[in-house]
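See below for the structure under consideration.
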Protein chains: 2
Amino acid sequence: MTSSAAQTSPRKRAGNGAVQRSDSDEVGLDALVGHAGYAVRRLQIWIFQDFIRTLGEVDIRPTQYSVLTVIGANPGLSQMAVAKRLGIERARLVHLLDSLERRRYVKRVKSKTDRRSHALHLTAQGATALAKFKRLAAEHERHVEAKIGRENRQHLLRILADFT
Amino acid sequence: MTSSAAQTSPRKRAGNGAVQRSDSDEVGLDALVGHAGYAVRRLQIWIFQDFIRTLGEVDIRPTQYSVLTVIGANPGLSQMAVAKRLGIERARLVHLLDSLERRRYVKRVKSKTDRRSHALHLTAQGATALAKFKRLAAEHERHVEAKIGRENRQHLLRILADFT
DNA sequence: GGACAATTGTTGTCGTCAACAACAATCTTT
DNA sequence: AAAGATTGTTGTTGACGACAACAATTGTCC
């Protein structure tokens, strides 16, 4: 029993089946409330948009930021390792790195221990840039805090801790 | 202070800059931990994949499910209203409804009160199908519960309640 | 009442992103 | 040495959001 076929008040009709509904009248969500996925999706959209807006002046998107952060914290990583760590496909990482390399934030050094792979490093320029990005990201994080509340954010982080 | 330029142990190098790292050696995330957006993104991906897998036998994706649910709970809504409620573009909703109408789950009834708009309804077939989808969605929700814990899920839903 | 603005559904384009598949070069295993 | 696995790369597909344009219709304002 899933409380599935829950019927919600069908409001007043207008003959043909169109519902009379004033503009501010809210639309029932029925079973969508109670679905974690739906709520998480909405939050995710909000967070990403704020991130993109806050880091807009430096033109860095969330994925780019995560790549730079991981490389900065683990210089010398291979593309495979970065992709696996961030859960993005290595095919996708190729384009991300192409872009970041064009902007002189990252360089691919050919590894001598394994001539198939590249050792990823931040350039000096990339390191200083990343420092600025992190300041902006912290600002963005304060926006999140303002949106959902300080201890709610803390709790959220704790709940999702093992999702890395 | 953002604790920005936090330096994490750069491990042992191998001459050219490649890092020696055993397969199970974990890769530091540095500043990524502590970013709500990153954690939320990972959770969102996990949830969506489980949803798609669990509702795979009926070939219904999260967005399709949300559209059917809203129409089922509010028969007679216009496309505009549904799009606004779910935060999807009306241009996108056109294709979603085309697909759902082809599968005989939904029908567009031309409204007589406003000849521009369509009143959206589930077909009888769509209603019974939705009941099954809801059972599967509830099963998916139990997967989420098993993944993050019962009261963590509850708390998550409470935190995100006003994100509708 | 009639001109003008706004809304609704539709079509189309563009860019992002995940999921695959295929490939050459290069290890690794046996 | 041969067979199989891994790494980076290229390309294709499909879902999705953001826009812009358009015809039909409705609402507004004078």
Side-chain angles (χ1 to χ4, degrees), chain A residues 14 18-19 21-23 37-38 41-42 44-49 51-53 56 59-67 76-101 106-120, chain B residues 14 18-19 21-23 41-42 44-53 55-56 59-67 76-101 106-120:
Chain A
V19 173
R21 195 184 304 276
S22 70
D23 261 26
Y38 184 72
R41 170 176 165 258
R42 300 296 290 240
Q44 217 247 334
I45 291 173
W46 188 93
I47 290 183
F48 264 54
Q49 278 174 351
F51 188 100
I52 293 170
R53 189 161 9 99
D59 191 29
I60 287 290
R61 320 196 80 247
T63 312
Q64 297 175 313
Y65 178 76
S66 69
V67 170
L77 239 46
S78 72
Q79 301 187 188
M80 235 350 250
V82 171
K84 205 179 297 179
R85 185 62 189 89
L86 291 177
I88 59 190
E89 264 184 305
R90 61 191 206 280
R92 165 123 190 78
L93 187 58
V94 171
H95 301 293
L96 285 168
L97 288 175
D98 285 349
S99 154
L100 292 174
E101 206 170 26
V106 165
K107 54 178 187 282
R108 292 186 241 224
V109 180
K110 9 185 177 174
S111 165
K112 258 172 190 157
T113 64
D114 185 342
R115 285 155 55 211
R116 294 171 302 179
S117 70
H118 295 157
L120 301 175
Chain B
V19 172
R21 194 184 304 277
S22 70
D23 260 24
R41 170 175 167 261
R42 299 298 291 241
Q44 217 248 335
I45 290 173
W46 189 92
I47 289 183
F48 264 55
Q49 278 174 351
D50 183 84
F51 188 100
I52 292 170
R53 189 161 9 98
L55 296 231
D59 191 28
I60 288 290
R61 319 193 86 249
T63 313
Q64 298 175 312
Y65 179 75
S66 69
V67 170
L77 278 188
S78 71
Q79 300 189 189
M80 235 352 247
V82 171
K84 206 180 295 177
R85 186 60 188 88
L86 291 176
I88 59 191
E89 263 185 307
R90 62 190 204 280
R92 166 121 191 80
L93 187 58
V94 171
H95 300 295
L96 286 169
L97 288 175
D98 284 350
S99 154
L100 293 175
E101 208 169 25
V106 166
K107 54 177 185 284
R108 293 186 240 224
V109 180
K110 3 182 181 174
S111 165
K112 258 172 190 157
T113 64
D114 185 342
R115 285 156 54 210
R116 294 170 300 181
S117 69
H118 295 155
L120 302 175

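Just so you know, these numbers use all the heavy atoms, side chains as well, and skip hydrogens, waters and symmetry mates. First the proteins, then the strands, lettered A, B, ... as listed; each starts at 1.
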* **Minimum-distance nucleotide (side-chain atoms of B/V94 versus D/dT7, C/dT8, C/dT11)** =>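 When the side chain of B/V94 is considered, C/dT11 is the closest of D/dT7, C/dT8, C/dT11.
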* Any side-chain N or O of B/Q79 less than 4.0 Å from the OP1 or OP2 oxygen of C/dT10? -> yes
* Determine, stepwise, if the pair A/R108 / A/D98 fulfils side-chain contact (heavy atoms from CB on, under 4.5 Å). => CA-CA 10 Å; A/R108 292 186 241 224; A/D98 285 349; 2.2 Å; yes
* Asked: B/Q64 versus B/L96: any side-chain heavy-atom pair under 4.5 Å?
  -> yes
Using atom [atom1] of [X] as one end and atom [atom2] of [N] as the other, report the distance to the nearest whole Å.
| X | N | atom1 | atom2 | answer |
| --- | --- | --- | --- | --- |
| B/I60 | D/dA15 | CD1 | C1' | 14 Å |
| B/I52 | D/dA15 | CD1 | P | 11 Å |
| B/H95 | C/dT11 | NE2 | P | 8 Å |
| B/R108 | C/dG9 | CZ | C1' | 8 Å |
| B/Q44 | D/dA15 | CD | P | 17 Å |
| A/L93 | D/dT10 | CG | C1' | 15 Å |
| B/L77 | C/dT7 | CG | C1' | 16 Å |
| A/D98 | D/dG8 | CG | P | 13 Å |

* **Contact pattern, 5' to 3', of nucleotides 24-30 of chain C - B, S or - by protein heavy atom under 4.0 Å** => -BBS---
* For nucleotides 15-23 of chain C, just jot down a letter per nucleotide in 5' to 3' order: B, S or -, based on protein non-hydrogen atoms under 4.0 Å. => -SSSBB-B-
* Asked: Using the C1' atoms of five pairs at each end, what's the angle between the two axes of the helix from C/dG1-D/dC30 to C/dT30-D/dA1, to 10 degrees?
  ->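 Here the local axes at opposite ends form an angle of 20°.
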* **Chi angles and distances behind the side-chain contact (heavy atoms from CB on, under 4.5 Å) call for B/I88, B/V67** => CA-CA 10 Å; B/I88 59 191; B/V67 170; 4.2 Å; yes
* What pair of heavy atoms forms the shortest contact from B/S66 to B/T63, and how long is it? ->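 In this case the closest contact between B/S66 and B/T63 is OG-O, 2.7 Å.
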* Structure fact -> Minimal heavy-atom distance between B/Y65 and B/L55, with the atoms involved, is CD1-CD1, 4.5 Å
* **Nearest-0.5 Å distance that lies between atom CD in A/E101 and atom CG in A/L120** =>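 The distance works out to 8.5 Å.
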* Asked: Under 3.5 Å, side chain of B/R42 to main-chain N/O of A/L86, donor-acceptor pair present?
  -> yes
Residues two or more places apart in sequence or in another chain: which of them pass side chain to side chain donor-acceptor pair (under 3.5 Å) with [X]?
| X | result |
| --- | --- |
| A/R116 | A/D114 |
| B/R53 | none |
| A/Q44 | none |

* Tell me, with the steps shown, if B/V109 and B/H118 meet side-chain contact (heavy atoms from CB on, under 4.5 Å). => CA-CA 5 Å; B/V109 180; B/H118 295 155; over 6 Å; no
